[in-house]
Amino acid sequence: MTTNAQFRLAARPVGMPQPSDWQYTEEPVPAVGEGQFLVKVTYLSLDPAMRGWMNASRSYLPPVEIGAVMRAGGVGEVVESRHPGFAVGDSVHGLFGVQTHVISDGTGVFKIDTSLAPAPVFLSTLGSTGFTAYFGLLDIGKPQPGQTVVVSAAAGAVGSITGQIAKIKGCKAIGIAGGPDKCRFLVDELGFDAAIDYKAGDVRKQLRELAPDGVDVYFDNVGGEILDDVLACIARGARVVISGAVSQYNATTPMRGPSNYMQLLVQRASMTGFLVFDYAKRYPEAAAELAGWLREGRLTSREHVVEGGIEKFPEALLSLFDGANTGKLVLAL
Ligand SMILES: NC(=O)c1ccc[n+]([C@@H]2O[C@H](COP(=O)([O-])OP(=O)(O)OC[C@H]3O[C@@H](n4cnc5c(N)ncnc54)[C@H](OP(=O)(O)O)[C@@H]3O)[C@@H](O)[C@H]2O)c1
């Protein structure tokens with residue numbers, strides 16, 4: 001008998017998630033029915049958005065119910081099948097949840113070709129992380145060659161790809177990240193033009209020096225004070241892309257909005273929120289272009305793989321909020 005190990009939401013967190021917000025459960029995997037298949041999950045995607053899904057508030061997806069298996073994307077392998085479209089040995093991607101096994105009828109599950117790249121890359125550059133960078137930057141940010149693109153959480157999953165795409169498109173890429181190691185990584189390994197360590201000093205002052213003609217595109221992953229700093233430096237006609245606001249996801253006081261927003265008027269600029277899911281029909285286009293750049297060596301995909309199995313999930317998720325990850329955080333099961 002195969003056992004399925006899971007993490008379920010036990011309580012809605014206040015501030016940073018605590019161990020008591022989770023319930024670890026084990027249950028036998030039921031028999032695979034006609035038209036179904038069994039997936040052994042091998043890697044889970046850990047995303048800042050998961051913190052929002054734990055809240056009861058209105059969002060773009062319904063909240064995870066108390067007692068339900070935590071929502072998470074993952075990749076895995078088909079180990080049993082009574083489904084005509086999925087065979088034993090197929091590698092697959094889906095919203096499998098924080099669990100080791102899942103029975104599926106194929107809804108929302110896609111085959112992945114792990115001869116192209118290792119499985120974790122399909123949670124990273126060749127998955128929704130890469131698609132977020134691709135559509136957010138190109139469709140909303142609309143960078144033109146020679147323009148200055150700034151990205152925050154730049155050494156993280158989405159940010160590291162966004163800055164590299166900006167370079168591919170002929171822009172000047174400036175990353176904002178926490179700590180000297182991450183800043184070195186951005187410039188030395190990913191080819192950013194410059195990096196600002198927001199933990200070390202005055203972001204606004206450094207940005208004025210690095211972008212004397214102003215910031216044309218700001219891809220914002222963090223919100224909060226850094227958003228205000230960049231708004232103070234935008235160029236005429238700038239596009240501010242609201243990808244997320246990770247600095248605010250664990251706030252116990254009302255979320256901090258931008259106090260500098262009148263700069264949008266002064267500079268005739270725009271600030272636009274977007275969700276990668278709205279681009280689902282165009283994922284193949286992004287996947288093909290990102291895979292091409294990877295193949296040509298123009299794009300580096302960095303995954304931060306946490307070993308130790310599903311038991312590590314509560315602790316690993318917190319890495320996103322203390323900046324312990326460089327690149328895409330995934331948990332190996
Ligand atoms: N709109 C969409 O469709 C979409 C889709 C996916 C992701 N996103 C958003 O994209 C953003 C990045 O997600 P990701 O998956 O790529 O995560 P990530 O950047 O790999 O990880 C989060 C990073 O945020 C930084 N951070 C954490 N707390 C911070 C704070 N208080 N101030 C400044 N930086 C902080 C940390 O890096 P440092 O060490 O540099 O602080 C950390 O490594 C998130 O806001 C997420 O919600 C949006």
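One-based numbering along the sequence shown. These numbers come from the heavy atoms of this one structure, side chains and all, not from hydrogens, waters or symmetry mates. Whatever order the structure lists them in is the order used to number ligands and atoms, beginning at 1.
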Can you find an N/O atom of [X] closer than 3.5 Å to an N/O atom of ligand 1?
X    : result
S319 : no
G178 : yes
V222 : no
L46  : no
F274 : yes

Do [X] and [Y] touch side chain to side chain, with heavy atoms closer than 4.5 Å?
X    : Y    : result
V241 : L137 : no
S301 : S124 : yes
L38  : V79  : yes

Any atoms of ligand 1 less than 4.0 Å from a non-hydrogen atom of [X]? List them with their elements.
X    : result
A177 : 40 (O)
S247 : 30 (C), 31 (N), 32 (N)
A245 : 45 (O)
V276 : 2 (C), 3 (O)
L275 : 3 (O)
G244 : 45 (O)

query = Applying a strict 4.0 Å limit to heavy atoms, is T129 in contact with ligand 1?
reply = no

ask   = Hey, does G327 sit under 4.0 Å from ligand 1 if you only count heavy atoms?
value = yes

query = Should R71 and D47 count as an ion pair when the cut-off is N to O under 4.0 Å?
reply = no

inquiry  = Check K199 with E225, please: is the shortest side-chain N to carboxylate O separation under 4.0 Å?
reply    = no

[X] side chain to [Y] side chain, donor-acceptor N/O pair below 3.5 angstrom:
X    : Y    : result
S243 : N221 : yes
N4   : Q99  : yes
Y218 : S152 : yes
Q6   : E26  : no

query = Would you find a donor on one side and an acceptor on the other, under 3.5 Å apart, between the side chain of Q18 and the backbone of M16?
reply = yes

So which protein heavy atom does [atom] come closest to, and at what separation?
atom                    : value
atom 22 (C) of ligand 1 : L320 O, 3.4 Å
atom 6 (C) of ligand 1  : T132 OG1, 3.6 Å
atom 37 (O) of ligand 1 : K182 NZ, 3.4 Å
atom 7 (C) of ligand 1  : V158 CG2, 3.9 Å
atom 29 (C) of ligand 1 : Y198 OH, 4.0 Å
atom 36 (C) of ligand 1 : G323 CA, 3.7 Å
atom 17 (O) of ligand 1 : P48 CG, 3.4 Å
atom 28 (N) of ligand 1 : F321 O, 3.7 Å

Selected option - heavy-atom contact closest to [atom], from [options]:
atom                    : options                : answer
atom 26 (N) of ligand 1 : I242, D181, V246, L329 : V246
atom 44 (C) of ligand 1 : N221, D322, N325       : N221
atom 19 (O) of ligand 1 : G156, A155, G179       : G156

Verdict with supporting geometry, N55 and R12, side-chain hydrogen bond (donor to acceptor under 3.5 Å, both in side chains) = CA-CA 6 Å; N55 294 337; R12 302 218 179 273; over 6 Å; no

task = Would you kindly check if the NZ (Lys) or CZ (Arg) of K111 is within the cone defined by 45 degrees around the ring axis of F86 and under 6.0 Å from the six-membered ring centre?
result = yes

Of R302, K182, R184, the residue whose pairing with E189 passes salt bridge (Lys or Arg N to Asp or Glu O under 4.0 Å) = R302

task = Kindly check if the number of other-residue, nucleotide or ligand heavy atoms within 6.0 Å of NZ (K205) is above 12?
result = no

